[in-house]
Structure formats: C-alpha cells, structure tokens
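All heavy atoms count here, side chains included; hydrogens, waters and symmetry mates do not. Residue numbers start from 1 in every chain, and the chains themselves are labelled A, B, ... in the order their sequence lines are given, proteins ahead of strands. The model shown is predicted, which means the values in this text are computed figures rather than measured ones.
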Protein chains: 2
Amino acid sequence: MKIDPDNKTDLSAQIAAAIRDAIISGALIVDERLPSEAELSEQFNVSRPTVREALKRLAAQSLIRTQRGAFGGAFVNRLSYPEAYGQQITTSTLLLSMNSVSFDVACEARYALERACAPLSAQRRTPDHLATMRAEIHRQSQPGLSDVAFCASDVTFHRALVDGADNPVLSYQLAGAVEAMQPLMNMITFTARSREKIVGLHSRITDALEAQDADAADAALVDLESYTLHLGRDVMAARVKAHAK
Amino acid sequence: MKIDPDNKTDLSAQIAAAIRDAIISGALIVDERLPSEAELSEQFNVSRPTVREALKRLAAQSLIRTQRGAFGGAFVNRLSYPEAYGQQITTSTLLLSMNSVSFDVACEARYALERACAPLSAQRRTPDHLATMRAEIHRQSQPGLSDVAFCASDVTFHRALVDGADNPVLSYQLAGAVEAMQPLMNMITFTARSREKIVGLHSRITDALEAQDADAADAALVDLESYTLHLGRDVMAARVKAHAK
DNA sequence: GCTTTTAAAATGTCAGACATTTAAATGTAA
DNA sequence: TTACATTTAAATGTCTGACATTTTAAAAGC
C-alpha cells in the first residue's frame, strides 16, 4: 500500500483509496485488523489526524469499523445487507432528488424492476410475505391515514413483494428503487377514490402471488404502474398550472 | 442542526449525520456553501479536527465537495450519475464478495434485472447501442483474448444492453448488478467451445433488439442465464472436487 | 484603465497533549 | 484453585495551536 508523493489531491483521500483498494482486491480480508493509527501515520509518512480523516472516509462507506480500547483499532468490516441497503437508499434518494429525474422515468424504472421480481415472488413467497402484504392493504384502507403514512405503508407492501422473491441480492438492488420513489410519491395527494383503486390493485397483486400466478401478478403490476403514472402526471399538470398563474 | 450531547457515539459521526439529514431533507440545497470549518466547530461546540472528520465522511459519500482558498469551503454536491454508479458498484462488489453469495443467487438477480430492461431496450436501443454490442461480440470472438478481457467485454456488452433502455435510473441500478458479477465470472475458465456458445447467444440478443423483438430478446437472455448458470456450476463442482482431494 | 501586487480567508497538514475506553495481566481473598 | 477486584497498557476520541498552501478579491502601481 503506497501513495503517490507528487499527487496534488488530499492525502487523506489517497490513503483512503489505497486502503479501499486493498480491501476490494482481497489483500485485506474481513475482520482483519488494520495497523493502528500511529503505525499507519508512520507507514504513509503523514500525521495522525490525516490518517484519521482517511479512516473516517472508509467508515462512512462501512468498509471498516473501529473499536476503542486495548486491542481495539480499525477492522475490515463485513458489509452486511442492512448496511448495503442503507447506502443504496441514501444514494438513490439523493440521485433522484438532485437530478430532477422525472416522475415518469423513476416510475418506469421502479416497476420494471419490481416486475422482474414478481415471477420469482409468485414461486417462493411465504405465508409471512402474504400476511405482511394483507396487513398493509388493511392499513391502507383506514380512512384517517395521512398521505405520508399511506406512502410508507406502500413502501412496506412493495418491499414484501420484493422480499418474496427470496433473493437477497435482488432485495438489496430493489431497496433503492422502491424507497427512493417515496419522496416523489409523497408529493401526490391521495384522494379516497385513488386510494380505493390502489388498494384494489394491491389486493389483485397479493391474490396473484398467493395463487402463484406470475402472469396475473405481472398484469396487476402493469395496471398499477399505469395508474401511478396517471396520478403523477395529474400532480405535475396541476403544478405547472399553478406555476403559470 | 443539533447533536445529542449525551450520546456516546463519535461526535464526528453525529455531526456528519446531522448535516446529511439536512441535505436529504432539503434544508441544505445543491451548491449551497456550508459554514466554514471554524464556524461549524463553534456551532457544534467541538474542535476543528472533529468537524473535519465529519466532513470527510460526507465527502466519501459524494454528498459534499470542498474547495480551498478564499471563498472556498464545503459545498453541497449534486450527486452525478457517474458518482452514483461508482458507489453502487463498490457497494455491490463488496456485498457479493464478503457475504459468500452463491453464484446461483447472483446470477438469478442479474438476469432478472437485465430481462426487465430488455423490452425497453428493444423499443429504444439506438444504432449506437447495437454497434457497441456488435463490436464487443467481435472482440469476444478473437482467439487470443484472456479470460479477464473476455469478462470485461461481456460487461461492456451487457451495459450497452441496459443503456439501450434509455432510462438513467435503470442504468444506475443495473450498474451494480452487472459489474459486481464480474469477479464471480472471472473465476470461470472460458473454453473455446463455451465462448462460441456465449457469442452465439449475444448475437441472438443483439439481433432480437435490432428487430425490436422483445420476446426473442427475453428468450435469448433466459438461455444465456441457464448457460451461465451451467458454466458456474461446473466450476463450483470442480472446485469442490479439487478441495476433496 | 489595465496589470501587478498584496492581503485575507479558507482548507490542508502537522505536532503534541490529554481523555476515555477496553481487555488482558496481575494480585488478592475465599 | 477459583473467583473477583485492581492495575496497566494500548488504542481510539478529542482538543489546542500552529503553519502551509491555495484561491480570490481588493488595493496598489503603472
């Protein structure tokens, strides 16, 4: 692990990159302890604060964890699914909110990915998944529910659908797509009528999965996509109109 | 923006979380300048090194960028697609390599997602996408190609397929799925026969996209998935056998 | 009016110190 | 001998203060 002496970028960034590469390449393995901050600062010929900044960068990506005390230090972290989900969601949410991604594009991506899970979910969903979906459908039918709570329940419903595919890699990939849509969905005001329609489509999806009917699930998702798109476009149109005033 | 005084976790982590929340919630908008390190250390009542560690954490997630000099400082960064791709790939690669994800599971996820792109790609692929795919097919037919180069070309081919869907959110999501598989694919030794078969399937896919035939593209992807799975299983079986010796 | 110089503000880096946490090693008593 | 309390050492966490470097805006000079 070496750094380029005549590089103009931050030393802490270079050091972080060197250690990151070592981890990715497998030179440092999971749970292996890195040298102490003092040792690293000697190795790289920089001060301890600089080393610390590098380590914090890696910690922010969940590549390492640190432990205080004797025999503590920085350890290569086994990236867990929940940590990976979290990063995926943060990145996706920011990407969407900062790049003026249109509702249509986000919606298309989300449902394309969800439809990819549907056939697997139809095969493998457990009673647990179905129960979660039914429970969320019930919650979504409650009259007093706020729009934000309705959207949160929607996310839970769709995550159960995705998790039903019983493929953790898929669940991880989809976490971003589903959660990142929530801020966009939150902009929609759900009328009693639109909620009723969505709940109906959710029921169709759940019924299809219960019957292990992949085609029916796909068809229901297509309908849900086109209805969601319709709702989103109404909101956008109203917004443009309000802006034109 | 406040931090909990009687929280036992790192101050720098708390501060980073507070600023991150402000960015995600929209309280800090893109290109807005954060207070200087000195001002932040006053605000949070901590020292400058602690603030710096927090800022480095955010920089590692591409949430901020820093500029030196007068009127420099830390600015909220617009997360670009390439930056998001990069993080997605790093996270996905580590997730797969550190969690002993089986070849089967990774393969299933990857092809499920790719098949989700295929219908859109069949509609929208440009001559450019098709040209890229043909070029990679040609490269894959060269006899002297190393296994690693073959895999790299494979990744380029599949990225062109995904990009053909003309949905940047999908491309971003798929980047991780496709690239993260490469280390697993690199373990496979591609015989002349298997390369020939893969090239044939790639041609079928490209032909289908050119003809805008979504069903044919899907069918070819299904075949490619099952063949890839077959190759992967052979490798795993050989490995187990070698291990048993 | 244009160019050059200067000053100021900010991040980047360093050195050294102290505080806190943690687990192993040691000592002590039942 | 075993169980428990104490000590100790090693590490991270934090602070202070200083200096280096970069960059821009304003001042000075022509």
Side-chain angles (χ1 to χ4, degrees), chain A residues 1-20 23 28 30-77, chain B residues 1-20 22-23 28 31-77:
Chain A
M1 270 190 318
K2 285 282 159 52
I3 57 177
D4 182 7
D6 43 55
N7 192 322
K8 59 178 177 288
T9 61
D10 294 24
L11 289 175
S12 70
Q14 287 181 59
I15 293 169
I19 299 176
R20 180 162 41 239
I23 294 174
L28 293 170
V30 167
D31 291 334
E32 186 172 341
R33 183 181 174 281
L34 298 180
S36 73
E37 295 174 356
E39 288 169 321
L40 285 172
S41 63
E42 261 195 55
Q43 268 189 42
F44 288 110
N45 226 327
V46 297
S47 67
R48 193 157 83 95
T50 303
V51 167
R52 282 182 62 80
E53 288 177 9
L55 294 179
K56 295 311 165 195
R57 293 176 118 108
L58 299 173
Q61 296 184 302
S62 303
L63 291 181
I64 61 169
R65 60 176 188 279
T66 54
Q67 249 183 334
R68 296 181 69 171
F71 297 78
F75 297 82
V76 177
N77 189 41
Chain B
M1 270 192 319
K2 285 280 158 52
I3 56 175
D4 183 4
D6 43 54
N7 192 322
K8 59 177 176 289
T9 61
D10 293 22
L11 290 174
S12 71
Q14 288 182 58
I15 293 169
I19 298 176
R20 180 162 41 239
I23 293 174
L28 292 169
D31 291 334
E32 186 173 339
R33 183 181 174 280
L34 298 179
S36 73
E37 294 174 356
E39 288 169 321
L40 284 172
S41 63
E42 260 195 57
Q43 270 188 41
F44 288 110
N45 226 328
V46 298
S47 67
R48 195 158 82 93
T50 303
V51 167
R52 282 182 62 80
E53 287 177 8
L55 294 179
K56 297 310 167 196
R57 287 177 189 265
L58 299 174
Q61 295 184 301
S62 303
L63 291 180
I64 62 169
R65 61 176 186 279
T66 54
Q67 251 181 332
R68 296 181 69 170
F71 296 77
F75 297 83
V76 177
N77 190 43

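Residue B:F71 contributes atom CZ, which lies 8 Å from atom P of C:dA10 at whole-angstrom precision. Rounded to whole Å, the distance from CG on A:L40 to P on D:dG13 is 13 Å. Taking atom CG of A:D10 as the reference point, atom P of C:dC14 lies 11 Å away to the nearest angstrom. Rounded to whole Å, the distance from CG on B:N45 to C1' on D:dG13 is 16 Å.
Side chain of B:R52 to main chain of A:T50: no donor-acceptor pair is present (N/O by atom type, distance under 3.5 Å, no hydrogens or angles). Judged purely by atom type and a 3.5 angstrom limit, A:S41 uses its side chain to pair as donor or acceptor with the backbone of A:E37. Between the side chain of B:R20 and the backbone N or O of B:L63 there is no donor-acceptor pair closer than 3.5 Å. Using a distance-only test at 3.5 Å, with no hydrogens or angles considered, a donor-acceptor pair links the side chain of B:R65 to the main chain of B:V76.
For the contact set between residues 52-70 of chain B and DNA chain C, defined by any heavy atom under 4.0 Å, the members are B:R52, B:K56, B:T66, B:Q67, B:R68, B:G69, B:A70. Of the residues in residues 31-38 of chain A, none has a non-hydrogen atom less than 4.0 angstrom from any atom of DNA chain C.
Between the CD atom of A:E53 and the OG atom of A:S47 there is a distance of 8.0 Å, given to the nearest 0.5 Å. In this structure, the separation between CG on A:L58 and CZ on B:R57 is 10.5 Å, given to the nearest 0.5 Å.
For the side-chain contact (heavy atoms from CB on, under 4.5 Å) with A:I23, the qualifying choice from A:L28, A:L34, A:N77, A:V30 is A:L28, the only one to do so.
The closest side-chain heavy-atom distance from A:L55 to A:I15 is not below 4.5 Å. Residues B:K56 and A:D10 are in side-chain contact: their nearest non-hydrogen atoms beyond the backbone lie under 4.5 Å apart. The shortest distance between side-chain heavy atoms of A:F75 and A:D31 does not fall below 4.5 Å.
The environment of A:E32 atom CD is dense: over 12 non-hydrogen atoms of other residues, nucleotides or ligands sit within 6.0 angstrom.
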Every protein N/O lying under 3.5 Å from an N/O of nucleotides 15-18 of chain C:
unit_1, atom_1, unit_2, atom_2, d
C:dA17, N6, A:R48, NH2, 3.4

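Taking side-chain N and O atoms only, A:S12 has no distance below 4.0 Å to OP1 or OP2 of C:dG12.
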